[in-house]
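Below: the structure, in structure tokens.
Order of the sequence lines fixes the chain letters, A, B, ..., with proteins taken first and strands second; residue numbering starts at 1 for each chain.
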2 protein chains.
Amino acid sequence: MRAHIITIGDEILIGQIVDTNSAFIAKELDKIGVEVYQISSISDNKQHILDSLESAEKTADLVILTGGLGPTKDDITKHTLCEYFDDTLVEDKAVLEHIENLFKHHVNRPILPANRSQALVPSKASVLKNTYGTAPGMWITSGDTVFISMPGVPFEMMAIMTEEIIPRIQREFNRPFIVHRTLQTYGVGESEIAAIIKDWENNLPPSIKLAYLPALGKVRLRLSTKGADKAILDKDLDDQIALLNLLIGDIIVGYDDGESIEHMVGNLLVKNEKTLAVAESCTGGRIAAAITAIPGVSSYFKGGMVTYATHSKVELLKIDQALIDKHSVVSGEVAEAMAEAVRNWYKADFAVSTTGNAGPSKGDSDAEVGTVFIGIATPTHVFSVKYNMGNHRERVVSKTVYKAFELLQKEILKN
Amino acid sequence: MRAHIITIGDEILIGQIVDTNSAFIAKELDKIGVEVYQISSISDNKQHILDSLESAEKTADLVILTGGLGPTKDDITKHTLCEYFDDTLVEDKAVLEHIENLFKHHVNRPILPANRSQALVPSKASVLKNTYGTAPGMWITSGDTVFISMPGVPFEMMAIMTEEIIPRIQREFNRPFIVHRTLQTYGVGESEIAAIIKDWENNLPPSIKLAYLPALGKVRLRLSTKGADKAILDKDLDDQIALLNLLIGDIIVGYDDGESIEHMVGNLLVKNEKTLAVAESCTGGRIAAAITAIPGVSSYFKGGMVTYATHSKVELLKIDQALIDKHSVVSGEVAEAMAEAVRNWYKADFAVSTTGNAGPSKGDSDAEVGTVFIGIATPTHVFSVKYNMGNHRERVVSKTVYKAFELLQKEILKN
């Protein structure tokens with residue numbers, strides 16, 4: 001079963017927003033064995049939508065559209081679907097009732113004609129309930145192809161996808177299993193990894209596909225396979241991973257994509273019954289934000305301080321001004337003092353700190369743009385590591401956040 | 001001049017990553033008057049790439065590809081381009097030298113055959129320098145269409161785009177100006193706005209396109225136009241915005257997309273010479289991270305505290321345990337105490353605090369999932385506002401961050 005996702009909206013094509021809807025839809029489909037053949041983002045233009053429907057119908061069994069279902073004049077998806085399927089719009093009573101209810105409880109005014117028009121759906125469509133919004137999803141079967149249309153507002157789309165579409169696909173279609181395993185490696189480049197695992201890669205069965213996913217300082221390897229028997233697929237991949245472990249076990253730092261480094265650090269802390277605190281300067285709260293994005297971190301995350309300006313390091317963390325004057329605010333000594341101070345304040349087992357210059361210009365210190373010190377305080381010792389993270393502000397911060405978790409991970413494993 | 005962006009990579013189609021490259025490219029092209037007709041994400045499959053090139057060539061003057069240029073076996077873009085253009089690969093001396101240099105300075109080992117193969121480019125291509133990586137960009141002119149291929153690693157792609165491709169398009173092609181204005185409105189739904197501005201919208205000249213961009217609690221209106229004379233385009237849009245201001249001036253809270261709410265708050269603080277501090281519980285550092293993502297905030301951002309667990313509110317912010325026991329940790333009283341405490345700690349003019357339950361389960365309090373209090377402390381008073389942000393953890397946090405800036409903005413404007 002092959003799907004083509006079409007996201008409609010000029011805001012995507014002028015780069016005003018990043019299309020995150022298609023990644024969500026693709027991931028949900030992948031989980032239930034539907035292969036996404038292509039994702040297309042197109043403009044709010046009738047002819048372009050018609051052409052895209054026609055071209056998608058030729059190669060896909062499932063065509064999923066998002067966007068263009070709002071109540072305003074620039075929303076043309078519904079009318080275009082009617083033109084494509086030679087259909088007319090009819091008012092759906094259940095949808096109208098749902099819209100009236102939403103307005104009664106959340107808007108406190110009677111519905112306008114534009115709102116009422118959202119209850120109009122093509123007569124050939126079956127309605128997919130939109131719990132959180134007024135524009136319903138639609139499911140139209142035409143020949144061998146299913147066309148689905150959803151609003152582009154992400155949380156509305158997500159609910160329709162998980163509550164309505166995924167269960168219905170599972171009920172109505174036979175699908176294979178698609179299984180992926182992603183290995184995270186660290187410290188060796190992709191060409192070098194490829195050289196080490198060359199013979200293994202050349203002997204991979206054709207049913208297993210290998211992909212290299214390089215990123216800053218790390219490479220992920222993804223193995224994918226597809227078939228009717230999940231147990232066999234799992235075993236096939238596990239066997240290959242066992243072979244890979246013999247070759248590059250020393251650089252494999254984790255498995256599975258869902259497992260981010262902050263998850264791994266959190267799990268380690270929970271397992272070892274240890275706690276964490278953070279003091280952030282150049283990362284400005286990003287480490288704390290990454291930790292607290294995970295539910296249930298209260299058990300190990302004691303808290304953080306964002307001491308961005310120099311004086312806040314002195315006033316809040318009580319870092320000695322003389323230490324800053326002597327070594328500069330961007331220094332290993334200050335990073336260590338910050339980590340130690342925040343560890344004591346929060347009475348945590350581990351603490352991490354950052355101080356650096358993310359650019360674009362020099363800040364409270366003379367440190368070169370990209371110079372970062374990460375401090376780590378553990379129950380037994382304090383240390384810091386100096387990095388040069390390049391000259392791209394967002395990259396400097398992202399790399400520092402990642403490095404901070406990596407250093408923490410190693411220390412927690414040691415202690 | 002019309003462009004079609006093609007991003008290549010199975011990781012996009014299985015939803016493992018969100019394709020941010022195409023939004024960046026689209027935005028850069030839009031700035032110089034190149035209209036993006038379509039964005040397609042396709043798999044690492046030779047036939048699929050060939051079909052997409054053929055179909056894109058029919059409708060676009062500029063076809064931009066990203067991905068599939070790495071040194072490993074799953075990278076097939078270069079060979080596929082050779083097949084499409086009936087071309088062969090030749091070694092580019094300058095690229096080879098650049099690769100050798102990168103390895104000398106950053107990798108400290110001689111290059112492998114796989115690395116050397118990155119210096120191979122189709123003979124018909126001119127090379128686009130990749131400052132940050134080993135895979136060069138390529139520019140191939142074929143008939144009336146220009147084909148450009150770039151690596152998929154975002155920061156490499158971004159540099160090639162801004163340093164090489166944009167200047168070259170500007171040199172070699174005449175393009176119109178594309179001008180957008182985005183108005184941010186707050187508090188009224190899109191159907192109601194549409195009803196208020198209906199006559200104005202119906203009288204818009206055909207050269208100006210209006211789009212409604214609804215999001216949580218706010219609607220952005222985008223006006224777009226295109227033409228040869230930028231001054232005329234600017235005046236046309238300004239005239240329309242003046243008319244819109246007569247109709248909905250009371251709900252317009254800001255202009256221009258580049259201006260995020262944290263930017264607007266920052267600018268207000270700079271203008272009024274005021275400072276800010278934050279104390280975050282349920283937002284876990286996200287407010288501080290949003291502020292410090294902007295360069296040069298040291299002048300107004302005093303710092304933040306992430307007091308996630310209840311005891312850290314008591315220990316670090318010195319919130320009275322009796323107050324927490326009486327009102328619960330998720331309460332207006334505690335939000336106000338947090339805002340006041342952090343304002344005093346950092347000696348800031350304004351402070352904002354958050355306490356709430358982002359879910360998925362109840363935390364340190366009995367508050368329903370989605371209940372959030374935002375506290376604001378100003379030079380003259382302290383107050384808090386209660387919200388129900390729904391039951392989606394990420395949404396609760398995002399909405400809270402946005403609301404916090406919105407409350408701040410209003411207070412700073414008043415003071």
Side-chain angles (χ1 to χ4, degrees), chain A residues 10-16 18 20 23-24 26-27 30 36 38-42 70-74 107 112 114-115 153 155 190-192 194-195 201 210-214 257 284-286 288-289 292 295 298 301-309 312 316 345-346 360 363-364 392-393 395, chain B residues 10-16 18 20 23-24 26-27 30 36 38-42 70-74 112 114-115 153 155 189-192 194-195 201 210-214 257 284-286 288-289 292 295 298 301-309 312 316 345-346 360 363-364 392-393 395:
Chain A
D10 289 346
E11 61 275 22
I12 302 169
L13 297 171
I14 64 173
Q16 193 167 29
V18 171
T20 54
F24 178 84
K27 196 167 199 165
D30 184 75
V36 175
Q38 181 164 334
I39 298 166
S40 304
S41 301
I42 61 172
T72 54
K73 265 182 78 175
D74 58 329
V107 188
L112 297 167
N115 306 120
V153 179
F155 68 91
E190 61 173 328
S191 57
E192 206 169 344
E201 183 174 357
L210 171 71
Y212 293 79
L213 307 166
D257 226 21
R286 283 271 294 274
T292 57
S298 299
F301 182 56
K302 289 279 204 163
M305 287 199 220
V306 183
T307 53
Y308 198 71
S312 70
L316 196 72
W345 270 105
Y346 281 112
D364 281 354
H392 185 291
R393 184 177 178 88
R395 240 185 107 197
Chain B
D10 289 347
E11 62 275 21
I12 302 169
L13 298 171
I14 65 173
Q16 192 167 29
V18 171
T20 55
F24 177 86
K27 196 166 200 165
D30 184 75
V36 175
Q38 181 164 333
I39 298 166
S40 304
S41 300
I42 62 173
T72 54
K73 264 183 78 174
D74 56 331
L112 297 168
N115 306 120
V153 179
F155 68 92
E190 60 172 328
S191 57
E192 207 169 340
E201 183 174 355
L210 171 70
Y212 294 80
L213 307 167
D257 225 23
R286 283 271 294 272
T292 57
S298 300
F301 182 56
K302 290 279 205 162
M305 287 198 219
V306 183
T307 52
Y308 199 72
S312 69
L316 196 73
W345 270 104
Y346 281 113
D364 280 356
H392 185 290
R393 184 178 178 87
R395 240 185 106 199

Look at [options] and state which one has the largest set of heavy-atom pairs under 4.5 Å with chain B.
| options | result |
| --- | --- |
| A:Ser41, A:Ala289, A:Ala211, A:Ala23 | A:Ser41 |
| A:Gln38, A:Met305, A:Arg286 | A:Gln38 |
| A:Gly285, A:Gly284, A:Ala114, A:Gly70 | A:Gly284 |
| A:Gly303, A:Ser191, A:Ala194 | A:Ser191 |

Output the option from B:Val18, B:Thr307, B:Thr72 having the highest count of non-hydrogen pairs under 4.5 Å with chain A.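 So the answer, after comparing B:Val18, B:Thr307, B:Thr72, is B:Thr72.
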Return the option, out of B:Asp10, B:Ile42, B:Leu210, B:Ile12, with the maximum number of heavy-atom pairs under 4.5 Å with chain A.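 Greatest number of close heavy-atom pairs with chain A: B:Asp10.
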Please name the pair of heavy atoms, one in [X] and one in [Y], separated by the smallest distance, quoted to 0.1 Å.
| X | Y | result |
| --- | --- | --- |
| B:Gly15 | A:Ala26 | N-CB, 3.7 Å |
| A:Gln16 | B:Leu213 | OE1-CD1, 3.4 Å |
| A:Glu190 | B:Pro71 | OE2-CD, 3.0 Å |

If I take atom CD1 from residue B:Ile39 and atom CD1 from residue A:Ile39, how far apart are they, to the nearest 0.5 angstrom?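 Going from the CD1 atom of B:Ile39 to the CD1 atom of A:Ile39 covers 11.0 Å.
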So what's closer than 4.5 Å to chain B heavy atoms on A:Ala195: side chain, backbone, both or neither?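 Only the side chain of A:Ala195 comes within 4.5 Å of chain B.
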Does A:Tyr212 offer a backbone N or O that forms a donor-acceptor pair with the side chain of B:Asp74 under 3.5 Å?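 Pair found, side chain donor or acceptor close to backbone of A:Tyr212.
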